[in-house]
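Start at 1 with the first residue, then count along the sequence. Because the structure is a prediction, the values reported are computed rather than measured.
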Amino acid sequence: VMRWRVFAERTMRALRERMWDPGEGLFRDVDPRTGERTAVRAAAGFLVYGTDVANAEHLAGLERNLFDPDRFWTAFPVPSVSIDDLSFTPYADRGGEGDDAPRGGRTIPFVTSGVIDAVGRAAGAYAPHLRRNVAQLLHRFLRLLFHDGNLGRPNCYPDYNPFTGHPALADGADDHLLGAINDLIVQYVIGIRPHVQGITVDPFPFGLDHAELRGARVRGISLDVIVSGDRVTVIADGAKREERLGTRMEL
């Protein structure tokens, strides 16, 4: 155990010292050839906030970059690189024959899902004022996933235009399934977040009239959660509890 703890601490120290750019307030990729940070402002840097590598000391950088409409806070976030980055393009351009991945700047469900979860963790751990931002981010993300806003025509393409929300249709596949969409809804809209000690039920403020999940089986408990206006009702193995939205319940 001690051996792996040493490795973990060494990795954490390297991430903070080598990847964190205090001037920009971003975690940046490191070029393996030179050991230096790259100049690209990539959305993948926000994924660090989903771990204990990032903490309150790094919070200002997250807020300054992710929620800036001149960087990452687009109509349909999160673009894979900042819109003021030299490599940014919102179009599904490829680098050439045999290059299946779009160039930087598209909104990629896999990346955006991870960013939402990362900011959600930060909101729960040390930045509760970000709860509304998480709700806004998830709401904007979910708007991407329907053809022309039609709730009867869901989709999940590999990547989208971060300004218009239009997907890349070249592949002809709309079931990419690399976004943890249902998980985000369960964790933040319904508010069910299991952990080592038990289960937290704590929906974020989405402003919905009504949302519910019934018959969930979580850590051996049969669980119903009903969010109605500003009230949250939890029924755990038949025992009922009701609290105001924003009151964390531990089971």
Atom CG in Leu26, atom CZ in Arg28: separation rounded to 0.5 Å? 5.5 Å
Mind checking ring pair (Phe, Tyr, Trp, His ring centres under 6.0 Å) for Trp20 and listing every partner two or more places apart, or none if nothing turns up? Phe27, His58
Does any non-hydrogen side-chain atom of Ile181 lie less than 4.5 Å from one of Phe141? yes
Does anything in residues 9-18 pair up under side-chain hydrogen bond (donor to acceptor under 3.5 Å, both in side chains), and if so which pairs, sequence neighbours excluded? none
Between atom CG of Asn55 and atom OH of Tyr49, what is the distance when rounded to the nearest 0.5 Å? 9.0 Å
Below 3.5 Å, can you tabulate the donor-acceptor pairs from side chains in residues 222-230 to any protein atom, sequence neighbours excluded?
residue : atom : partner : partner atom : Å
Asp224  : OD1  : Gly215  : N            : 2.7
Asp230  : OD2  : Arg244  : NH1          : 3.2
Asp230  : OD2  : Arg244  : NH2          : 3.2

Pairs involving residues 122-142, ordered by first then second residue, that meet side-chain hydrogen bond (donor to acceptor under 3.5 Å, both in side chains) (sequence neighbours left out): Glu63-His129, Arg131-Asp202
Measure the spacing between CD1 of Ile83 and OG1 of Thr74 and express it to the nearest 0.5 Å. 7.0 Å
Check whether any side-chain heavy atom of Asp70 sits under 4.5 Å from a side-chain heavy atom of Asp84, and report yes or no. no
Starting from Ile116, can I reach Val81 by hopping between I/L/V/M/F/W/Y residues whose side chains sit under 4.5 Å apart? no
Establish whether Phe88 and Ile108 are linked, either directly or via other cluster members, by ILVMFWY side-chain heavy-atom contacts under 4.5 Å. no
Measure the CD1-CD distance between Ile199 and Gln197 for me, rounded to the nearest 0.5 Å. 12.0 Å
So, are Glu24 and Arg37 salt-bridged, with charged N and O less than 4.0 Å apart? no
Answer yes or no: is there a donor N or O on one side and an acceptor on the other, between the side chain of Thr51 and the main chain of Val48, under 3.5 Å? yes
Joint cluster assignment, Val189 & Met249, ILVMFWY side-chain distance < 4.5 Å: no
Taking the side chain as everything from C-beta on, heavy atoms only, tell me whether Arg231 gets closer than 4.5 Å to Leu245. no
Mark yes or no for whether Asn65, through its side chain, and Arg71, through its backbone, hold a donor-acceptor pair below 3.5 Å. no
How long is the span from the NZ atom in Lys240 to the CD1 atom in Ile235, to the nearest 0.5 Å? 6.0 Å
I'd like to know whether CG of Asp237 has more than 12 heavy-atom contacts from other residues, nucleotides or ligands below 6.0 angstrom. yes
Applying ring pair (Phe, Tyr, Trp, His ring centres under 6.0 Å), name anything that partners His147, two or more places apart in sequence or on another chain. Tyr157
For residues Asp52 and Arg121, determine if any side-chain heavy atom of one lies less than 4.5 Å from a side-chain heavy atom of the other. yes
Any side-chain heavy-atom pair from Leu62 and Leu130 closer than 4.5 angstrom? yes
Show the nearest heavy-atom pair for residues Val201 and Pro203, with the distance to one decimal. C-CD, 4.1 Å
Shared ILVMFWY cluster between Val186 and Val115, side chains joined below 4.5 angstrom? no
Closest non-hydrogen atom pair between Thr107 and Pro109, with its separation: O-CD, 3.8 Å
Residue pairs passing the ring pair (Phe, Tyr, Trp, His ring centres under 6.0 Å) test with at least one member in residues 197-242, sequence neighbours excluded, are Tyr188-Phe204
With a 4.5 Å heavy-atom cut-off, do Phe163 and Pro79 have their side chains touching? no
Mind checking the CD1-CG spacing from Ile185 to Leu213? Nearest 0.5 Å is all I need. 10.5 Å
Salt-bridge test for Glu212 and Arg214: reply yes if a basic N is under 4.0 Å from a carboxylate O, no otherwise. yes
Could you tell me which non-hydrogen atom of Val78 sits nearest to which non-hydrogen atom of Ala43, and how far apart they are? CG1-CB, 3.7 Å
For the student: nearest non-hydrogen atoms of Arg219 and Val196, plus distance: NH2-O, 3.2 Å
Given side-chain contact (heavy atoms from CB on, under 4.5 Å), test Thr164 with Phe76 step by step and report yes or no. CA-CA 7 Å; Thr164 67; Phe76 298 94; 5.6 Å; no
Is Val111 reachable from Val40 through a run of hydrophobic residues whose side-chain heavy atoms are each under 4.5 Å from the next? no
Mind listing the closest non-hydrogen atom pair of Asp85 and Ala39 along with its distance? OD2-O, 3.8 Å
Ignoring hydrogens, what is the shortest heavy-atom contact between Pro77 and Phe72? Give both atom names and the distance. CB-O, 3.8 Å
Looking at Asp31 and Arg33, would you say the former's side chain and the latter's main chain have a donor-acceptor pair under 3.5 Å? yes
Answer yes or no: is there a side-chain heavy-atom contact under 4.5 Å between Leu145 and Pro154? no
Is there a donor-acceptor pair under 3.5 Å between the side chain of Ser82 and the backbone N or O of Arg41? no
From the list His195, Arg193, Gln187, side-chain hydrogen bond (donor to acceptor under 3.5 Å, both in side chains) with Thr200 holds only for His195
